[in-house]
Structure formats: structure tokens, C-alpha cells
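Heads up: numbering here begins at 1 and tracks the sequence.
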Amino acid sequence: MPEHSPKDIAIHVALLVTTIGTTTLAGAGLIGKKIDTIEEIFINGLPFAIPFLLILTVHEYGHYITARIYKVKVSLPFYIPMPPIGIINIGTMGAFIKMKSLLKSTKEIFDIGIAGPLAGFVAAMIILFYGFTHLPPQEYIFEIHPEYKQYGLDYASQVYSKGSMVDSSILVSTGSNLIFAFFENFVVADPSLIPNHYEMMHYPLLFAGYVALFFTALNLLPIGQLDGGHILYGLVGAKRQKIISAGILGVLVFVGGMGLFNKPVLSDGFVPLQSMDDFLTFSPLYLLFLYLVFSKITERKTTNLLIATSMFVLHFLTAYFFPNSEGFSGYLVFSLLVGRFLGVYHPEAYIEEPLDLKRKILGWLSLVIFILCFTPRFLTVE
């Protein structure tokens, strides 16, 4: 019997084609140019869609090929298309493969888990190297923002300041990570060509690499059955993995919450700590959210409620005494996905076996890659 039936292949191809379409539309929107024809959608959208989906595909086939080496039954990658709607949308929620048979040993879990992020990281580095060594001239930005031309190449000091012509507009800037810092400081020959972080999304190769690195960091978080969870389980075992994963989830929720408390939550300017009315409206909803995130930390509901309440108090006190503290609220959505649905803890393998030195080195290398790729604030919307 064939490994993948014609029906399975048709589903995967349909998802891939649809995701190519949505990421191309998203890329055309990100580039920021005026688009009048379908041809222009492809011309402007594919430079983002192709490299980003290539990195995503390399990542998933890293898992797939390693699983097949171990003779584990596994699906082809499921690509998840997402309509390009909203201020920032990349046209996809990623991809995943589904294991059709159980992984028996710690070694299998570790090898299959680490293969994806390592492969995807290498692909992202190649694309970023090309992107940073083939930057367009500074005047390229005037193709995106012809209104900047009146300010010349010193436009940044004019258009991003208070009272500027774009002060009433929505400004979106990317964060930074150690990989980008390395390329910007040691690879780019002419520093004047490095795009402003408010304009990074208009550089498709760089933005594709930036998003891919962020996805790599999320996958390498040592929680549950994320790739990082598989790796951590192989390195330290089930008991220590539970403690570390719960702690990492707490840190993720804390950073996410700090991006929420002193910031507008809704478009009408609702800010949790702006007034007592806002706080009383916000508090029960946020406490419920925190409880859902931590609802599977222990088997005791009262303990989980206590953890959620403690996190709420920590957020409140930090935001009150340190009003300029910042975070990234997007981590809250990911925390809910992990804490409530994907699971915080890693199931134990049938065969527990210590990893050899080579695998341990790769495991700790993946932690270094996580640190290099991680961006505390993925995007800032002003």
C-alpha cells in the first residue's frame, strides 16, 4: 500500500497552492506599492512568498525526511493558508506534519524534533545573506513612499517624529535580533543601505528571513511538543522538562502581558490602567484568559487559579510601578495555544535512553540558535 494515497496528495497540493496564493497576496500588500493588475500582484508578492515558503518547506521536510529514516509513518506537510487581512498579515499560519505512528525512543523524538529547526535555520541564513548583500539603493524607498522624496535621504528624521506628516498614520516597525545585528554590522558593505526598521517589511527577502527566524524561535521554545520541547525532553528528561516548560510559559505570559497593560487594547483607545472603570472592565476578562492559559499546569483547579491570579498581580504591580515597561502582546495568543491546546508537558517515550555526546552538543546548539533568532518585540504598531 502506498505511503500517501492520491487523496492525501491532492489535499496537500491544494493547501500548498492556496498558501502560495495567500502569501503572494500578503507579500504584494507588504511591499506597499500601488498595484493595479494581477500581474503586478505576482511581481510584487512572489519575492516574499517564495523565500518564506521555501524556508518553511525546508523546515518541515527536515522533520519529514528524518522521520522516514526512522521508518516512522508521517504525513506530508500541511500548509495553513490565511487570508491576507489586517494591518500585518503574512498569508499563512505556518505548516506542520502529522505523525501516523508513535515515536518509541528518546533518540527518535530528539532527532526528528531538532531536524526541522536546524534545516530551516540554515535556509533562512542563506536567504538573509543574499538579501543583505544585494540591498537596493537608498532611493528604492521613494518607490514605496513617493511622499518621502521631498525630504531627501534624510527622510527618517522627518517622517517618524511627532508632528510629522505621518504622525496620524499607523506605523509598524520590526524588532531586532542578534542575527540581524550580525548582518547589519559585519556583512553589509554600505551601512547606508540598511533599511529603517519602519520600512523593513518593504524588503521582501529581509522580511521573509525575519519572520522565518521568529517562527524558528517560537518552534524552539522548550515547551510541550514544540520542537524545542522535543529537544529539551531528550536533553534533561521528563521530570526536569516539566519544571522548565512551566517556567518558560510563565515568562512568555509575563512578557505578553506587559505589552498589554499600559497600551491601548482596542481601537477606541481602551487602556487597562487608564481609569478605574477601564481596570474593572478589563480585570475579570484578563483573569479568565490567564486561567485558560494555566488551566493544565496542574491537575488542581484551585492551584491553576492561584497561578493565574499571581500572574495578574505581577502584571499589575509591574505596570503600576514601572509604567514604561514594555512587552509584546502577541505572545499571549501563542501562550493560550500552547497552554490550553498543544500542552505544556512532553509525554514520556517508551524507551528512555540518554543521548550521546553528539546529540547533546546539537541540543545545546539549538538553544544558541533560539537566542540568536529570538526577538522580544516582533512588531511594534504605533
Side-chain angles (χ1 to χ4, degrees), residues 23-33 35 44-56 84 86-92 120-121 123-149 151 153-161 164 166 169-218 259 326 328-330 372-382:
T23 51
T24 300
L25 285 171
L30 290 168
I31 202 69
K33 296 180 181 179
I35 295 174
N44 290 283
L46 286 176
F48 168 78
I50 291 176
F52 181 66
L53 289 180
L54 177 62
I55 297 170
L56 200 64
I87 297 174
I88 294 295
N89 191 310
I90 59 174
T92 178
F121 177 72
M125 291 294 287
I126 293 171
I127 286 172
L128 283 173
F129 180 82
Y130 182 87
F132 274 110
T133 54
H134 292 76
L135 291 171
Q138 288 179 278
E139 289 77 11
Y140 163 75
I141 200 63
F142 299 143
E143 298 178 23
I144 311 297
H145 295 289
E147 68 275 17
Y148 291 3
K149 197 169 185 179
Y151 299 109
L153 295 178
D154 190 38
Y155 66 89
S157 64
Q158 302 292 326
V159 300
Y160 307 132
S161 59
S164 71
V166 295
S169 304
I170 294 176
L171 294 176
V172 181
S173 65
T174 57
S176 189
N177 55 53
L178 294 176
I179 295 294
F180 265 61
F182 169 78
F183 278 112
E184 290 172 353
N185 287 284
F186 299 104
V187 174
V188 177
D190 182 359
S192 68
L193 299 180
I194 297 174
N196 190 288
H197 280 233
Y198 284 103
E199 309 295 344
M200 188 70 73
M201 70 188 68
H202 303 314
Y203 292 68
L205 284 177
L206 301 188
F207 193 64
Y210 177 73
V211 176
L213 292 182
F214 182 71
F215 274 28
T216 298
L218 288 182
E326 296 184 345
F328 177 58
S329 57
L372 294 175
C373 295
F374 184 70
T375 304
R377 298 188 70 184
F378 174 58
L379 291 174
T380 301
V381 180
E382 301 174 15

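For the ring-ring contact (aromatic ring centres under 6.0 Å, His included) test, residues two or more places apart in sequence or in another chain that qualify with His202 are His145. Applying the side chain to side chain contact (heavy atoms under 4.5 Å, CB included) criterion to Asp190, with sequence neighbours excluded, gives Ser192, Leu193. Here Tyr210 pairs with Phe180, Phe378 under the ring-ring contact (aromatic ring centres under 6.0 Å, His included) rule; sequence neighbours left out. Applying the ring-ring contact (aromatic ring centres under 6.0 Å, His included) rule to Phe129 yields no partners; only residues at least two apart in sequence or on another chain are considered. Every side chain to side chain contact (heavy atoms under 4.5 Å, CB included) that Pro136 has, sequence neighbours left out, goes to Tyr140, Tyr203.
Note: Ile194 CD1 to Asn196 CG = 11.0 Å, rounded to the nearest 0.5 Å. Here the CD1 atom belonging to Ile90 is positioned 7.5 Å from the CZ atom belonging to Phe207, to the nearest 0.5 angstrom. The structure places CD1 of Ile179 at 10.0 Å from CZ of Phe132, a figure rounded to the nearest 0.5 Å. With rounding to the nearest 0.5 angstrom, the CG atom of Leu128 is 6.5 Å from the CD1 atom of Ile55.
Side-chain contact between Phe328 and Thr375 is absent, with no heavy atoms from C-beta onward closer than 4.5 Å. Side-chain contact between Ile31 and Pro204 is present, with heavy atoms from C-beta onward closer than 4.5 Å. With contacts defined as side-chain heavy-atom distances shorter than 4.5 Å, the pair Tyr198/Val159 does not qualify. Inter-residue side-chain proximity for Leu213 and Phe121 is flagged as met; some heavy-atom pair is nearer than 4.5 Å. Within the 4.5 Å cutoff, the side chain of Thr174 has no heavy atoms near those of the Leu206 side chain. The side-chain heavy atoms of Phe182 and Leu178, taken from C-beta on, include no pair separated by under 4.5 Å.
Ser329 and Gly259 make their closest contact through CB-O, 3.9 Å (heavy atoms, listed as atom of the first residue, atom of the second, distance). Residues Leu205 and Gly131 come closest through the heavy atom pair CD1-CA, 4.0 Å. Closest approach of Ser176 and Pro376 over heavy atoms only: O-CD, 4.1 Å. Shown here for Ala26 and Asn89, the closest heavy-atom pair between the two residues is CB-O, 3.2 Å.
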Listing, residues 44-53 side-chain donor-acceptor contacts under 3.5 Å, not counting sequence neighbours, or none:
residue	atom	partner	partner atom	Å
Asn44	ND2	Glu40	O	2.7

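In Lys149, the NZ atom is not crowded: 12 or fewer heavy atoms of neighbouring residues, nucleotides or ligands sit closer than 6.0 Å.
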Practice task
Start with the C-alpha gap between Ser173 and Thr380, add the side-chain angles, then the distance that decides, and say whether side chain to side chain contact (heavy atoms under 4.5 Å, CB included) holds.
Solution key: CA-CA 5 Å; Ser173 65; Thr380 301; 3.6 Å; yes

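Using the six-membered ring where Trp is involved, Tyr160 and Tyr155 have ring planes that are perpendicular, over 60° apart on the 30 and 60° scheme.
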